[in-house]
Amino acid sequence: VQLKESGGDSVQAGGSLRLSCETSVSGASMTCMGWFRQAPGKEREGVATTLTSDSSIYYGDSVKGRFTISQDKDKNTMWLQMDSLAPEDTAMYFCAAAPFGTVYGCKFFDPKNFRYWGQGTEVNVSS
């Protein structure tokens with residue numbers, strides 16, 4: 001399974017970006033898919049996930065109300081719409097897929113829940 005992110009860029013605070021994640025298999029074959037980010041010197045942080053079984057969506061507290069995750073399982077693509085970007089959103093963004101994940105791992109952004117990871121796409125937000 002391969003995942004490839006795109007859409008990262010440098011933007012000013014208050015701007016928007018839309019990240020894409022293309023997968024080599026249907027998202028419907030995964031129990032959970034999502035986005036994580038990692039800023040320099042910081043731990044990987046869960047941004048947003050979606051549970052395949054019932055399309056539940058979970059957001060990290062720092063992005064609620066600003067970021068939106070969506071998925072087209074037929075096109076094997078997932079997106080992350082990021083609005084009202086702030087400098088603290090600067091990070092490498094990764095998409096991830098869990099073929100045998102748990103609801104708990106999806107809801108609480110447990111990286112161990114995800115078997116497949118993309119290489120990341122970089123987002124830089126300047127003030």
Side-chain angles (χ1 to χ4, degrees):
V1 176
Q2 294 183 336
L3 288 73
K4 182 174 177 59
E5 306 92 338
S6 62
D9 204 347
S10 296
V11 296
Q12 289 190 328
S16 298
L17 282 175
R18 190 188 197 204
L19 305 183
S20 299
C21 174
E22 294 183 11
T23 64
S24 60
V25 296
S26 170
S29 66
M30 301 292 159
T31 60
C32 177
M33 294 193 67
W35 291 92
F36 288 75
R37 68 185 182 185
Q38 188 165 18
K42 295 188 176 181
E43 293 187 355
R44 190 164 295 192
E45 173 190 11
V47 175
T49 57
T50 178
L51 193 62
T52 302
S53 60
D54 61 3
S55 299
S56 293
I57 290 176
Y58 309 102
Y59 292 103
D61 289 340
S62 61
V63 307
K64 282 180 182 176
R66 300 188 299 122
F67 290 12
T68 304
I69 187 173
S70 59
Q71 185 181 16
D72 185 331
K73 298 167 189 172
D74 292 336
K75 294 184 178 180
N76 299 354
T77 306
M78 180 175 64
W79 297 275
L80 183 69
Q81 176 66 40
M82 306 187 297
D83 299 317
S84 301
L85 284 162
E88 50 266 35
D89 295 316
T90 294
M92 187 71 79
Y93 284 72
F94 301 89
C95 65
F100 307 112
T102 65
V103 174
Y104 180 93
C106 192
K107 184 175 182 179
F108 294 104
F109 310 110
D110 182 0
K112 297 188 295 294
N113 194 57
F114 296 84
R115 175 175 293 186
Y116 304 113
W117 295 82
Q119 293 298 308
T121 185
E122 191 169 358
V123 173
N124 286 289
V125 185
S126 59
S127 57

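Each residue takes its place number in the sequence, starting with 1.
- Remark: side-chain polar atoms of T77 are not paired, donor with acceptor, to backbone N or O of D72 under 3.5 angstrom.
- To the nearest 0.5 Å, atoms NZ (K107) and OG (S56) are separated by 8.5 Å.
- For F100, there are no ring-ring contact (aromatic ring centres under 6.0 Å, His included) partners, not counting sequence neighbours.
- Heavy-atom neighbours of E45 CD from other residues, nucleotides or ligands within 6.0 Å: above the threshold of 12.
- The structure places CH2 of W35 at 10.0 Å from OH of Y93, a figure rounded to the nearest 0.5 Å.
- Rounded to the nearest 0.5 angstrom, R115 CZ and C32 SG are separated by 14.0 Å.
- For the pair T90 (side chain) and V125 (backbone), a donor-acceptor distance under 3.5 Å is present.
- The distance from the CE atom of M92 to the CZ atom of R44 is 10.0 Å, given to the nearest 0.5 Å.
- Atom CD in Q38 sits 8.5 Å away from atom CD in E43 (nearest 0.5 Å).
- Remark: D61 pairs with K64 by the side-chain hydrogen bond (donor to acceptor under 3.5 Å, both in side chains) rule, at least two apart or across chains.
- The hydrophobic clustering, which links ILVMFWY residues whose side-chain heavy atoms are closer than 4.5 Å, places M78 and V1 together.
- Side-chain atoms of Q81 do not come within 3.5 Å of backbone N or O of R18 as any donor-acceptor pair.
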What's the verdict on side chain to side chain contact (heavy atoms under 4.5 Å, CB included) for Y104 and N113, showing C-alpha distance, side-chain angles and the deciding distance?
CA-CA 9 Å; Y104 180 93; N113 194 57; over 6 Å; no
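- Y59 places a side-chain N or O within donor-acceptor distance of the main-chain N or O of I69, the cut-off being under 3.5 Å.
- In this structure, CD1 in I57 is found 10.0 Å from SG in C106, a value given to the nearest 0.5 Å.
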Check the pair M33, T23 against side chain to side chain contact (heavy atoms under 4.5 Å, CB included), reporting the backbone distance first and the verdict last.
CA-CA 10 Å; M33 294 193 67; T23 64; 3.5 Å; yes
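- Contact record, S62 with R37: OG-NH2, 3.2 Å, taken as the closest heavy-atom pair.
- At least one donor-acceptor pair closer than 3.5 Å links the side chain of E5 to the backbone N or O of C95.
- The residue from V63, T68, D89, L19 that alone fulfils the side chain to side chain contact (heavy atoms under 4.5 Å, CB included) condition with M82 is L19.
- Taken together through direct or relayed side-chain contacts under 4.5 Å among Ile, Leu, Val, Met, Phe, Trp and Tyr, F109 and L80 form parts of separate hydrophobic clusters.
- Side-chain contact between Y116 and V25 is absent, with no heavy-atom pair separated by less than 4.5 Å.
- Applying the side chain to side chain donor-acceptor pair (under 3.5 Å) rule to pairs touching residues 117-127 yields E122-N124, sequence neighbours excluded.
- When all heavy atoms are compared, the tightest approach of P99 to A97 is CD-O, 3.7 Å.
- V11 and W79 sit in two unconnected hydrophobic clusters of ILVMFWY residues. Membership requires side-chain heavy atoms under 4.5 Å apart, directly or through other members.
- F94 and F67 fall into different hydrophobic clusters, where Ile, Leu, Val, Met, Phe, Trp and Tyr are joined by side-chain heavy atoms under 4.5 Å apart, directly or via other members.
- Hydrophobic clustering, with ILVMFWY side chains joined whenever heavy atoms are under 4.5 angstrom apart, groups V103 together with F114.
- With T31 contributing its side chain and A98 its backbone, the two residues share a donor-acceptor pair below 3.5 Å.
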